[in-house]
Structures are given as structure tokens and as C-alpha cells.
2 protein chains.
Amino acid sequence: MKKKRPSLRDIAEVLNVSTTTVSFVLNGKGEEKKISKQLIERVENYLKEIDYKPNLIARSLRTGNSHIIVFMVEDVSNHFFSKVGRVIEDISYKHDYRVLFCSTENDAKRTREHIEIFKERQVDGFIIVPPPGIKEEVENLKNNGLPVVLFDRKIEGLDIDSVLLNNYEGARQTTQHLIDQGFKKIAFITIDLDQNQMHDRLKGYRQTVKEEGLEEYILTLPYDTDRVAESRKKIKDFIAAHPELDSVFFATNYLSQSGLKTLHQIDSNLVSNLGIISFDDSYFFEMYAPTISAYAQPIELMGRELMRIMFDRIKQKGEASKHQEVSLDGELIIRESSLKKYTRL
Amino acid sequence: MKKKRPSLRDIAEVLNVSTTTVSFVLNGKGEEKKISKQLIERVENYLKEIDYKPNLIARSLRTGNSHIIVFMVEDVSNHFFSKVGRVIEDISYKHDYRVLFCSTENDAKRTREHIEIFKERQVDGFIIVPPPGIKEEVENLKNNGLPVVLFDRKIEGLDIDSVLLNNYEGARQTTQHLIDQGFKKIAFITIDLDQNQMHDRLKGYRQTVKEEGLEEYILTLPYDTDRVAESRKKIKDFIAAHPELDSVFFATNYLSQSGLKTLHQIDSNLVSNLGIISFDDSYFFEMYAPTISAYAQPIELMGRELMRIMFDRIKQKGEASKHQEVSLDGELIIRESSLKKYTRL
DNA sequence: GGTGCTTACATAAACGATTTAGGAGCTTTA
DNA sequence: TAAAGCTCCTAAATCGTTTATGTAAGCACC
């Protein structure tokens with residue numbers, strides 16, 4: 001049943017030329033390799049006629065690259081990562097590269113295993129959202145001449161290509177926006193995740209309220225998603241302890257979503273009465289009532305930058321050269337929830 | 001810099017044995033192939049010592065399979081598909097298979113091209129959410145002995161493995177639930193997508209209201225996501241034309257989300273005053289106020305069934321055998337929005 | 001002591017491409 | 001006319017595995 005696809009050799013035989021010739025023509029190196037016009041044409045016509053598709057596995061084995069890049073993120077089904085993944089996928093396809101998606105679950109062991117497996121598969125590059133504790137593996141990849149671009153987070157003490165959000169600046173803008181709207185008692189609700197991006201957001205918030213001579217209200221919740229009940233309680237207590245609060249800045253979109261629910265539970269008018277803004281946009285915010293303002297990461301741009309750097313590296317074929325650290329600005333998406341005139345206090 | 005990984009041949013040389021021996025031991029066929037215990041041990045120790053990893057590309061070339069399966073869906077960043085993708089990814093990894101994700105955009109041409117490309121890469125199987133118009137290509141894949149499992153939709157007139165939701169039954173249950181809650185004027189809002197799953201949902205709704213002696217209220221919106229304004233207007237007109245409606249059944253979660261927004265725009269109390277339920281669950285529904293009831297697809301189970309069939313087929317190595325059509329039931333997730341006592345009419 | 005059967009390995013041919021090195025035939029040049 | 005230089009093409013090695021086939025040694029058997 002399974003009829004074998006013709007190989008280069010089969011074609012060469014039919015045309016009575018060598019496989020070399022067919023290969024050269026196939027790869028558009030005909031002229032360069034001084035194959036005569038007529039022969040090029042003859043081969044090309046035949047290739048087209050039988051709609052020949054080379055066996056990419058064989059090509060990979062010979063050339064040592066696979067035209068596959070991996071995109072390792074915390075969770076492929078996470079909205080932000082899957083959107084960026086989609087951008088990367090599209091760009092890759094245009095350049096004849098494919099993308100392997102993979103979830104790290106922010107776990108070092110799982111990530112290490114995956115990196116190992118992908119190396120066996122001769123992938124051509126890695127885009128990684130690094131979990132803590134994989135500095136060494138990433139360094140090894142780089143030293144082996146494999147392109148690696150970090151995304152979303154960096155690894156302390158490792159000079160390597162990366163595409164990041166300017167979290168500090170983003171948090172500053174977000175906080176400033178609330179202040180500009182007339183909010184004065186701004187709570188910052190974050191998680192106890194020891195990673196740069198969270199630190200930078202916190203710093204941005206603190207610096208801004210400080211400069212404006214306002215007080216800080218900071219609540220740190222556990223990172224564990226299964227400690228929801230605990231988080232809920234903490235938010236309730238926090239709100240109760242600070243009745244003077246007029247607005248809330250959630251440090252991640254996940255926090256905002258569960259936070260909104262909690263606020264609504266405390267008092268169904270609370271959400272409308274507080275100024276609310278989220279770091280990270282979400283599809284959800286557009287639908288909520290009121291619509292929720294957010295500082296959105298530049299998804300499209302991030303994907304493009306990641307691939308630009310990736311292809312730069314691939315072209316360089318492992319030659320060392322200075323690393324690029326791209327820090328991108330997001331965009332404040334102002335919706336109803338952060339506009340003073342919409343709150344009813 | 002890039003130090004070459006040792007090959008089987010290198011190892012054989014060091015150990016003074018043949019590559020055959022090393023290969024057999026590597027693949028655990030030592031005993032079967034009558035290699036002596038001592039030698040097996042010697043080879044195994046060395047393999048472990050240098051932490052040898054075989055070149056999977058070479059293996060693929062030789063064996064003709066890649067241990068890669070593709071998961072082609074409408075959009076990899078869609079919540080439902082990415083969740084199922086995640087399940088598939090996890091199962092695959094456990095069996096040493098990798099997953100290539102790919103977005104079809106529901107476009108036949110794009111899908112055809114992708115199928116072609118994946119065949120060149122010798123992928124071992126396809127899980128496809130088929131766009132209209134690719135019957136022939138899918139049939140070819142199957143006839144070439146390549147495992148194909150359809151997901152979410154079927155292709156009319158093609159007998160092939162598939163994992164589907166029992167849309168009819170789901171819509172019946174959903175409608176019945178509203179009726180049991182005491183709702184009597186139930187609107188069904190759907191899209192004009194000519195695909196089985198939508199037809200079945202409509203049928204389920206109609207049959208149920210008919211059996212209960214209730215009137216049908218059906219609104220069909222354009223599928224195009226960029227005709228949002230038009231959809232909004234249609235919903236508004238529909239609601240205005242039928243002030244007697246006491247509940248709404250949205251046929252997809254995307255519809256629910258934009259529909260909720262529209263309802264809220266019409267009248268901020270409308271969402272609380274109507275009974276609302278959605279086909280397809282969404283993360284969003286849990287957070288909304290009120291929380292929105294939904295008929296949830298069994299994501300985990302779907303992923304497992306897809307992979308079960310896939311591995312069945314892979315084991316059969318292209319032998320034809322009767323196709324399996326799995327029809328799964330979802331689960332009614334009852335939240336506030338569909339409970340009569342929560343609506344204030 | 002020839003035949004046959006294990007055991008325990010090795011040899012070498014694939015898989016299907018890319019690519020290096022080279023060769024045949026022609027023209028040019030000193 | 002011999003050497004050199006083109007032009008156009010080919011032979012064969014190579015990538016790193018898997019696996020069909022080969023074979024040498026040992027033993028049994030009549």
C-alpha cells in the first residue's frame with residue numbers, strides 16, 4: 001500500500017544523470033555549479049512533473065541541522081505564551097522552519113530532560129522561558145554553539161541573548177496612570193515568586209509612589225496555584241485592614257482574574273468602586289464588566305524579536321559574538337476600570 | 001568549539017566490538033540477540049559512563065519513523081485546543097514521542113501545504129481538526145498507511161478514526177437544564193458555520209424545546225470574527241424583538257464571551273436577569289460575575305482517547321482495520337448564571 | 001569425521017540526501 | 001604540442017544508525 005517516494009537516486013536514474021546534478025539543481029545551485037541551462041531545465045521540469053519532495057530526515061542527517069526550533073515555556077496552554085508561540089510559528093513557517101512547543105512547568109528537572117532530548121533531535125535553536133536552576137544547561141547549549149534565546153525572564157549572571165519586557169518601566173507607567181487619574185491609595189498585589197520580572201514590577205511601583213509622595217500598600221500572595229483559598233483570605237484581610245484603598249494594581253493577569261473574583265465576593269460593588277489595573281493583558285479583561293485596564297506585553301513584537309535574534313544566530317553558525325539583550329516596552333490599554341470617572345466612590 | 005558527539009562507531013572502536021553489538025545493547029535487544037552477559041554489561045557501562053545519546057535523526061532515516069506526531073488545529077493559541085494539546089504533549093512524552101503543533105486557520109490551502117511538509121519530515125501520525133475541503137488529502141494520508149485521527153469535527157463521507165464530542169446530547173442536556181430550572185423562553189445563539197458540530201448542537205436544542213412544548217428562538221450570527229459590530233447589532237435587535245426571553249444558550253464559548261459583553265452594554269442588569277449558559281467552558285466563566293454555567297468538553301479524556309487511538313494505529317503499522325469513532329460526553333458545569341433563583345426577573 | 005545446530009559475535013549494506021574531489025573534453029596560450 | 005584553464009558533469013565518501021547476512025567456534029550425533 002505504502003508506495004515509496006522516489007529518491008534522488010531514482011530521479012537521477014530516470015534522467016540518466018548523477019545524483020549530484022539533481023541535488024545541485026534541487027537546491028538552486030545549478031548555475032553556481034556550472035550545470036548547463038538545458039540540463040537544469042530538464043531536471044527542474046522532471047522534479048516538478050513528479051512533484052518531488054526531498055526526504056528532510058536524510059538532509060538533516062547529512063547537513064547536521066533540522067530546521068526545527070523549540071519553544072520551551074512554562075505552559076503551552078497559557079494564553080500569553082501560546083499567543084507568542086503562534087507568532088513564532090508563523091514566522092518560522094515563512095522561513096521553512098518548524099516549531100516544537102514544550103512545557104517546562106517551571107521545573108528544572110523536566111526542562112533539563114527536554115533539552116537533552118531536543119539535542120538528540122538535532123534541533124537548530126532554543127527559545128526558552130527559563131525556570132530557576134538551569135543556568136548550567138543553558139550555558140552548555142550556548143558553549144556548544146547552539147542558538148539560545150531567553151524569553152520573558154533572564155538568568156542571573158549569564159550573558160546571553162534575551163527578549164524581555166521592561167517590567168520596571170511598565171510598572172512605573174501603570175502606577176503613574178493610576179496616579180494621573182487621581183487615585184492616591186494604590187495597592188500593589190503580587191506573588192512571592194523570586195524572579196526578576198516580579199522584582200522589577202515591584203520596584204517600578206514603589207519608586208513611582210515614592211516619587212509622588214504616596215504611601216505603599218503591598219500584598220504578597222503565595223505563588224502556588226493550589227493555595228487559592230489562602231490567597232483569597234489574604235486579599236480579604238488586606239482589603240479589610242485598609243479601607244482607605246482607592247485602587248489596586250495586580251502584578252500579573254492571573255492574579256487579576258482571581259483577584260477580581262475575590263473582590264466581587266467581598267462586595268459586589270467593590271470592583272466598580274476601586275480603580276483596577278493589571279500587569280499583562282488578558283482576553284478576559286475586554287469582556288468583564290467593567291472592562292479592565294491593563295499593561296499589555298507586545299506579543300507580536302516579542303515574537304518578531306525572538307525570531308530575528310534566532311535567525312541571526314543560526315546564520316552565524318555558532319560563532320561567538322556579543323549577546324543581545326532586548327528590552328521591550330508594552331502598552332497601556334486603558335479601559336473602564338482605571339478611569340476615575342467610572343468609579344463611584 | 002562544537003565538539004562532536006560520539007557515534008556508535010566511535011563507541012564500537014573504543015570497546016573493540018562491532019557497531020551491531022553496541023546497537024543491540026543500546027536498544028535492549030542484547031539478550032534476544034544472544035549477546036553474552038559480560039559483554040552486555042561492558043557496553044552498558046560504557047554507554048552510561050559517557051552518557052551516550054543516539055542521533056535520532058540517523059535512527060529516523062534508517063527506521064523510517066520519526067517519533068513525532070503533529071497536532072493540527074485551527075489555532076494553537078485557542079484555549080480549548082491548547083489545553084488538549086497540553087494533554088497530548090504529556091502523553092506523548094511519556095511514550096517518547098514529540099508533538100509538533102500547527103495552526104490551520106481553518107484554511108484548506110494552508111492545511112494542505114502543512115500536511116505535505118510534515119510528510120516530508122516523516123512524521124508518524126496526524127491528529128487533525130479538519131477545515132472544510134481537505135477530504136482528499138486526509139484520505140490519501142490514510143491510504144498511505146499514515147495514522148490519522150480527526151478531532152472535534154468529522155469529514156462528511158469519510159470513514160476514519162475520530163474523537164468527537166457528542167454535541168447533540170450535550171446541547172440536549174444543556175437545554176434541559178435550563179428548562180429544569182424553570183426557564184421557558186430560551187434563545188439559542190449560534191454562528192453560521194456549516195459544520196457538523198454546530199448542526200448537532202442546534203438539533204439538540206430544537207429537539208429538546210420541541211419535546212417540552214416550548215417555542216424556539218434562534219439567532220444565527222456571522223462566523224467572521226471581524227464582523228463583530230454586525231453581530232452586536234444583531235444581538236441587540238434580537239433581544240429587543242423578543243423582550244419575553246428569559247434565558248440564552250450560546251452555542252460556543254467565544255460567542256458567550258462577546259455575547260455577555262453585548263448584553264451588558266444593552267443593559268447592565270440584563271446578564272443577571274437572564275439565565276445564561278454556554279456550550280464549551282472557559283476559564284473566563286469562573287471569574288465573571290455572575291459566574292457563567294457551561295457544558296464543558298472533557299479535555300483530559302479527549303486527549304487520552306486521541307492518543308490511545310493514535311498509538312493503536314502506530315502499532316498496527318498501516319495495516320487497514322476498522323475505524324474507531326469515539327463520541328464523548330461532556331459535563332454540565334452549573335454556576336450561578338443558569339440558576340433560576342439567582343436571576344432577578 | 002562429516003553434518004547440523006547453537007552461541008556469540010562481526011561485516012557490510014542499507015536509509016536518502018549533500019558535497020568533495022576529480023575527470024573528460026574542449027579551447028586557449030606560450 | 002604540451003601545459004593550463006574552462007565547462008560540465010560524475011563517482012564516491014559521508015552523516016549515524018539498524019539489520020540481514022555471514023562466520024567461526026563449540027558441541028552433539030549417528
Side-chain angles (χ1 to χ4, degrees), chain A residues 2-44 46-47 50 52-67 96 119-124 317, chain B residues 2-44 47 50 52-67 96 117 119-124 317:
Chain A
K2 216 166 182 172
K3 63 173 182 295
K4 197 175 75 73
R5 292 181 150 231
S7 73
L8 262 197
R9 208 187 311 270
D10 297 334
I11 292 173
E13 222 159 88
V14 170
L15 292 178
N16 248 315
V17 295
S18 73
T19 61
T20 314
T21 307
V22 183
S23 174
F24 284 158
V25 173
L26 178 66
N27 294 309
K29 295 188 189 166
E31 304 213 14
E32 181 191 334
K33 297 293 183 177
K34 313 277 183 193
I35 312 277
S36 68
K37 286 242 186 301
Q38 308 95 327
L39 186 50
I40 290 183
E41 204 172 319
R42 194 157 72 90
V43 175
E44 273 176 348
Y46 186 68
L47 291 180
I50 64 164
Y52 171 71
K53 307 281 177 182
N55 180 320
L56 297 181
I57 298 279
R59 178 178 287 172
S60 280
L61 177 58
R62 176 61 224 228
T63 61
N65 46 48
S66 58
H67 273 224
D96 262 318
K119 272 162 67 183
E120 294 165 37
R121 276 183 197 273
Q122 323 288 123
V123 301
D124 289 358
K317 299 186 189 231
Chain B
K2 217 168 182 172
K3 60 174 184 293
K4 197 174 76 73
R5 290 179 151 234
S7 73
L8 264 197
R9 209 187 310 268
D10 297 333
I11 292 173
E13 221 159 90
V14 170
L15 293 178
N16 251 314
V17 296
S18 74
T19 60
T20 312
T21 307
V22 183
S23 175
F24 283 157
V25 173
L26 179 67
N27 294 309
K29 295 188 190 167
E31 304 215 14
E32 180 190 336
K33 298 293 183 178
K34 314 280 182 191
I35 311 278
S36 68
K37 285 240 187 299
Q38 308 95 328
L39 187 48
I40 291 184
E41 204 173 319
R42 193 157 73 90
V43 175
E44 272 176 349
L47 291 180
I50 64 165
Y52 169 73
K53 308 282 177 181
N55 181 320
L56 297 182
I57 299 278
R59 178 177 288 172
S60 280
L61 176 59
R62 176 61 223 229
T63 62
N65 46 47
S66 58
H67 273 223
D96 262 317
I117 288 166
K119 271 162 67 183
E120 293 165 37
R121 277 183 195 274
Q122 323 287 124
V123 300
D124 290 358
K317 300 186 189 231

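These numbers come from a predicted model, not from an experiment.
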Asks: In whole angstrom, give the distance that lies between atom CD of A:Glu31 and atom C1' of D:dC9.
Replies: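 Atom CD in A:Glu31 sits about 16 Å away from atom C1' in D:dC9.
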Asks: In this structure, how many angstroms lie between the P atom of C:dC15 and the CG atom of A:Leu56, rounded?
Replies: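 So the CG-P distance, A:Leu56 to C:dC15, works out to 18 Å.
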Asks: Map A:Ile40 and B:Leu26 onto DNA chain D by nearest heavy atom, then report which one ends up closer to the 5' terminus.
Replies: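 Whichever sits nearer the 5' end wins; that is A:Ile40.
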Asks: So, for B:Leu8 and B:Ser23, which heavy atoms are closest and what is the spacing to 0.1 Å?
Replies: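 What the structure gives for the nearest pair is CD1-CB, 3.8 Å.
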Asks: So, applying side chain to side chain contact (heavy atoms under 4.5 Å, CB included) with A:Tyr46, which one of A:Val22, A:Ile11, A:Val25, A:Val17 is it?
Replies: A:Ile11
Asks: Is there a donor and acceptor pair, one atom on the side chain of B:Arg59 and one on the base of D:dT17, closer than 3.5 Å?
Replies: no
Asks: Can you check whether B:Asn27 has a side-chain N or O nearer than 4.0 Å to OP1 or OP2 of D:dT18?
Replies: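 Affirmative; the distance criterion is met.
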Asks: What is the distance, to the nearest angstrom, from the CD1 atom on B:Ile11 to the C1' atom on D:dT17?
Replies: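 For the pair B:Ile11 CD1 and D:dT17 C1', the rounded distance is 11 Å.
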Asks: Which of these nucleotides, C:dG16, C:dT18, C:dC15, is closest to any side-chain atom of B:Arg62?
Replies: C:dC15
Asks: Can I get a per-line list of side-chain donor-acceptor pairs under 3.5 Å for residues 28-41 of chain A, giving both atom names and the distance, sequence neighbours left out?
Replies:
residue	atom	partner	partner atom	Å
A:Ser36	OG	A:Gln38	OE1	3.3
A:Ser36	OG	A:Leu39	N	3.4

Asks: We want to know whether B:Thr21 and B:Ser18 form a side-chain donor-acceptor pair, criterion being a heavy-atom distance below 3.5 angstrom.
Replies: yes
Asks: Whole angstroms only, please: what is the CG-P distance between B:Asn55 and C:dC15?
Replies: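 Between P of C:dC15 and CG of B:Asn55: 18 Å.
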Asks: Rounded at 0.5 Å granularity, tell me how far CG in B:Leu26 sits from OG1 in B:Thr19.
Replies: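 These two atoms lie 11.5 Å from each other.
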Asks: Is the distance from OP1 or OP2 of D:dT17 to the nearest side-chain N or O of B:Tyr52 less than 4.0 Å?
Replies: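 Yes.
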Asks: Would you mind reading off the distance between B:Glu13 atom CD and C:dT11 atom C1', rounded to a whole angstrom?
Replies: 15 Å
Asks: Would you mind telling me which of B:Glu120, B:Gln122, B:Arg121 makes a side chain to side chain contact (heavy atoms under 4.5 Å, CB included) with A:Ile57?
Replies: B:Gln122
Asks: In whole angstrom, what separates A:Leu61's CG from D:dT18's C1'?
Replies: 13 Å
Asks: What one-letter contact string describes nucleotides 5-10 of chain C from 5' to 3', where B marks a base within less than 4.0 Å of any protein heavy atom, S marks contact via sugar-phosphate atoms alone, and - marks no contact?
Replies: --SBSB
Asks: Take the C1' atoms of the five end pairs on each side of the helix from C:dG1-D:dC30 to C:dA30-D:dT1, get both axes, and report the angle to 10 degrees.
Replies: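 Both end axes considered, the difference amounts to 80°.
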Asks: What's the shortest heavy-atom distance between B:Asp96 and B:His67, and which atoms?
Replies: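 Answer, listing the atom of B:Asp96 first, then B:His67: O-ND1, 2.9 Å.
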Asks: Please give me the minimum heavy-atom distance between B:Ser66 and B:Asp124, naming the atom from each residue.
Replies: N-OD1, 2.8 Å
Asks: Write down the atom of B:Asn55, the atom of A:Leu61, and the distance for their closest heavy-atom approach.
Replies: ND2-CD1, 4.4 Å
Asks: Could you state the atom-to-atom distance from CG of B:Asp10 to P of D:dG16 in whole Å?
Replies: 8 Å
Asks: Given atom CD of A:Gln122 and atom C1' of C:dA17, what is their separation to the nearest angstrom?
Replies: 15 Å
